[in-house]
K.L.:
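My structure is below; once you've seen it, I'll send some questions.
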Amino acid sequence: MWMTWMRGLAAFWVCGAGLALSAPPTFYKDVLPVLQEHCQGCHREGEIGPMAFVDDYAKVRPWAKAIRQSVVTKRMPPWFADPAHGQFANDRAMPRELIDRIAAWVDAGAPEGDRRDAPPKRTYIDGWNIAEPDYVVEMPRPFTIPASGKVDYQYIVIPLDLKEDKWVQMVEARPAAEARAAVHHILVYVRAPGSNWLRGEAEPGVPFVPPRTTPDGKPRDDIGGGGNEILTIYTPGNVPDIWEPGTAKRIRAGSDLVLQMHYTPSGKEVVDRSRIGFVWAKGPVERRAITFNTINTKFEIPPMAGAHEVRGEAFPLRSEAWLYSFFPHMHLRGKSFEYRVRRADGSMETLLKVPNYDFNWQLTYKLKAPVRLEPGARVDGVAVFDNSPNNPFNPDPKATVRWGEQSDEEMMIGFFDLLIDAKQDLRQWFRGSGRRGGD
Ligand code: HEC
């Protein structure tokens with residue numbers, strides 16, 4: 001009796017100060033709400049998490065130890081921003097108290113508790129992470145991804161058939177469920193009615209691989225969108241674009257979508273037919289969202305370099321804008337990425353630092369409060385690449401690495417979204433920036 005009591009007491013002590021002498025957490029009462037809030041976004045049927053942490057003890061119990069390990073080491077939920085810089089609306093980092101709660105639950109033997117204590121089930125819209133879409137388009141033809149090898153980027157033009165200009169408040173691109181593991185990214189461009197990009201070359205609906213050079217042998221400079229706007233980017237584990245009411249992206253009547261599909265064979269032949277869902281803005285729009293980047297396509301990473309820095313080109317803004325979100329993009333040698341705002345008065349501020357870049361997690365970092373940029377301000381991107389044998393993902397430390405689409409080549413793109421006055425003419429806005437774009 002005495003010994004049992006002693007052992008019980010010891011168990012209480014290891015639970016940590018906050019929980020000492022209280023009953024251990026149970027699945028239904030204490031743990032399920034955390035799984036709903038922080039894990040089910042990915043760990044449910046049809047999403048990217050390899051197992052579903054649904055509202056059923058029997059299904060989750062076998063994973064208890066793995067869950068504990070993943071949250072204590074902060075591998076899960078995936079989030080890579082250095083907390084020293086910037087505050088993010090979509091910050092996935094879990095509060096310490098919740099990590100401790102999960103650990104205490106597992107340490108106490110992962111008790112089930114009473115099903116009647118369970119929070120209400122979360123409901124999800126079938127197939128989407130945005131609200132029920134007002135408009136959905138699908139790749140007109142399926143694309144077969146082979147089991148192995150490399151697949152060139154496929155460009156697919158999808159006519160939109162919009163009779164009037166539209167403001168988009170939410171947009172989500174989704175691969176077909178069976179092809180999910182083989183879709184590395186979907187970059188969705190809006191081809192404006194006046195743009196000739198791929199026109200006459202890529203037949204609508206038919207996957208197309210643009211030749212790398214022009215007929216007279218020069219490298220093409222229009223592979224990255226030919227000055228057309230990016231609407232959204234799908235990567236596994238990222239959040240879809242959802243702007244607050246009053247903020248939206250614009251699509252002109254007569255525009256087409258152009259999907260840039262990066263397929264990465266996953267060991268089994270699968271068929272993709274990705275879809276894009278749109279929710280139109282329901283009220284007046286005051287701020288227009290546009291996607292820019294700080295980019296460098298001319299770098300050369302020497303063999304064995306452990307920390308090779310590459311800076312993106314930046315351009316000074318002509319008019320006021322608000323910085324809204326970031327999306328750093330590198331490949332397997334990406335080590336860290338930083339965005340800095342340099343203001344006209346020379347001051348500099350780091351707004352996002354990703355100290356341990358992970359190629360498998362291409363994430364958007366949405367600022368909690370948009371940051372005002374006055375004319376003359378620039379957004380700088382600083383990328384560091386690790387081409388040494390210390391990088392476990394490095395395909396070949398002896399290679400000199402340059403820009404290229406495939407994962408054993410590299411990229412340095414710091415996408416960022418700006419909000420501008422919705423009434424502003426975008427061509428006017430770009431004038432003198434040295435950049436093309438917009439309509
Ligand atoms: C953004 C999507 C996403 C979220 C949110 C997420 N996971 Fe995951 N999780 C994944 C994916 C994808 C994998 C498989 C690939 C991998 O292991 O990196 C995974 C793997 C795991 C694994 C397998 C073992 C391991 O550590 O690799 C565990 C356990 C896990 N997640 C637990 C959690 C828990 C617990 C939460 C919430 C606190 C969570 N995940 C939130 C996407 C997510």
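Order of listing sets the numbers, starting from 1, for every ligand and every atom in it. Starting from 1, each residue takes its place in the sequence as its number.
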K.L.:
Can you tell me which portion of Pro236 lies within the under-4.0 Å heavy-atom range of ligand 1? Options are side chain, backbone, both, or neither.
P.N.:
neither
K.L.:
Heavy-atom contact check, 4.0 Å cutoff: does Arg92 meet ligand 1?
P.N.:
yes
K.L.:
Taking 4.0 angstrom as the limit and counting only heavy atoms of Ile48, give me the atoms of ligand 1 inside it, by number and element.
P.N.:
12 (C)
K.L.:
Of all the non-hydrogen atoms in the protein, which one sits nearest to atom 42 (C) of ligand 1, and at what distance?
P.N.:
Trp361 CH2, 3.5 Å
K.L.:
Report, as yes or no, whether the 6.0 Å neighbourhood of atom NZ on Lys282 holds more than 12 heavy atoms from other residues, nucleotides or ligands.
P.N.:
yes
K.L.:
For Trp79, which part has a heavy atom under 4.0 Å from ligand 1: side chain, backbone, both, or neither?
P.N.:
neither
K.L.:
If we check side-chain contact (heavy atoms from CB on, under 4.5 Å) with Arg288, which of these qualifies: Ile420, Thr247, Leu419, Asp421?
P.N.:
Ile420
K.L.:
How far is atom 31 (N) of ligand 1 from the closest protein heavy atom, and which atom is that?
P.N.:
His43 NE2, 2.9 Å
K.L.:
Any idea which atoms of ligand 1 are less than 4.0 Å away from a heavy-atom of Ala66?
P.N.:
29 (C)
K.L.:
So how far is it from Asn90 CG to Tyr365 OH, rounded to the nearest 0.5 Å?
P.N.:
8.5 Å
K.L.:
Strictly inside 4.0 angstrom of atom 15 (C) of ligand 1, do you find any protein heavy atom?
P.N.:
no
K.L.:
Which part of Val71 is near ligand 1, with near meaning a heavy atom under 4.0 Å away: side chain, backbone, both or neither?
P.N.:
side chain
K.L.:
How far is atom 20 (C) of ligand 1 from its nearest protein heavy atom, and which residue and atom is that?
P.N.:
Met76 CE, 3.5 Å
K.L.:
Do the rings of Tyr153 and Tyr155 sit parallel, tilted or perpendicular, given the 30° and 60° boundaries?
P.N.:
tilted
K.L.:
So which heavy atom in the protein is nearest atom 25 (C) of ligand 1, and how far is it from that ligand atom?
P.N.:
Arg75 NH2, 3.0 Å
K.L.:
Would you say the side chain of Phe292 lies within less than 4.5 Å of the side chain of Leu323, judging by non-hydrogen atoms?
P.N.:
no
K.L.:
Within the 4.5 Å heavy-atom criterion, are Ile230 and Val188 side-chain neighbours or not?
P.N.:
no
K.L.:
Does Cys42 put an N, O or S atom under 2.8 Å from atom 8 (Fe) of ligand 1?
P.N.:
no
K.L.:
Taking C-beta and beyond as the side chain, do Leu198 and Arg191 meet within less than 4.5 Å on heavy atoms?
P.N.:
yes
K.L.:
I need the contact type for Met51 against ligand 1. Using non-hydrogen atoms and a strict under-4.0 Å cut-off, is it side chain, backbone, both or neither?
P.N.:
side chain
K.L.:
Would you tell me which option among Gly237, Pro50, Ser70, Gly49 has the nearest heavy-atom contact to atom 32 (C) of ligand 1?
P.N.:
Ser70
K.L.:
Report yes if some heavy atom in the side chain of Lys166 is under 4.5 Å from a heavy atom in the side chain of Trp280; otherwise report no.
P.N.:
yes
K.L.:
For atom 5 (C) of ligand 1, grab the closest protein heavy atom and report residue, atom and distance to one decimal in Å.
P.N.:
His38 O, 3.5 Å
K.L.:
Is any side-chain heavy atom of Ile413 closer than 4.5 Å to a side-chain heavy atom of Trp403?
P.N.:
yes
K.L.:
What residue and atom, counting heavy atoms only, is the protein's closest point to atom 34 (C) of ligand 1, and at what distance?
P.N.:
Cys39 SG, 3.4 Å
K.L.:
Tell me which part of Trp63 gets within contact of ligand 1: side chain, backbone, both or neither, using heavy atoms under 4.0 Å.
P.N.:
neither
K.L.:
Does Gly41 reach ligand 1, in the sense of a heavy atom lying below 4.0 Å from it?
P.N.:
no
K.L.:
Step through the shown structure and confirm whether more than 12 heavy atoms of other residues, nucleotides or ligands are within 6.0 Å of CD on Glu138.
P.N.:
yes
K.L.:
For a quick check under 3.5 Å, do Asn394 and Asp386 share a side-chain donor-acceptor pair by atom type?
P.N.:
no
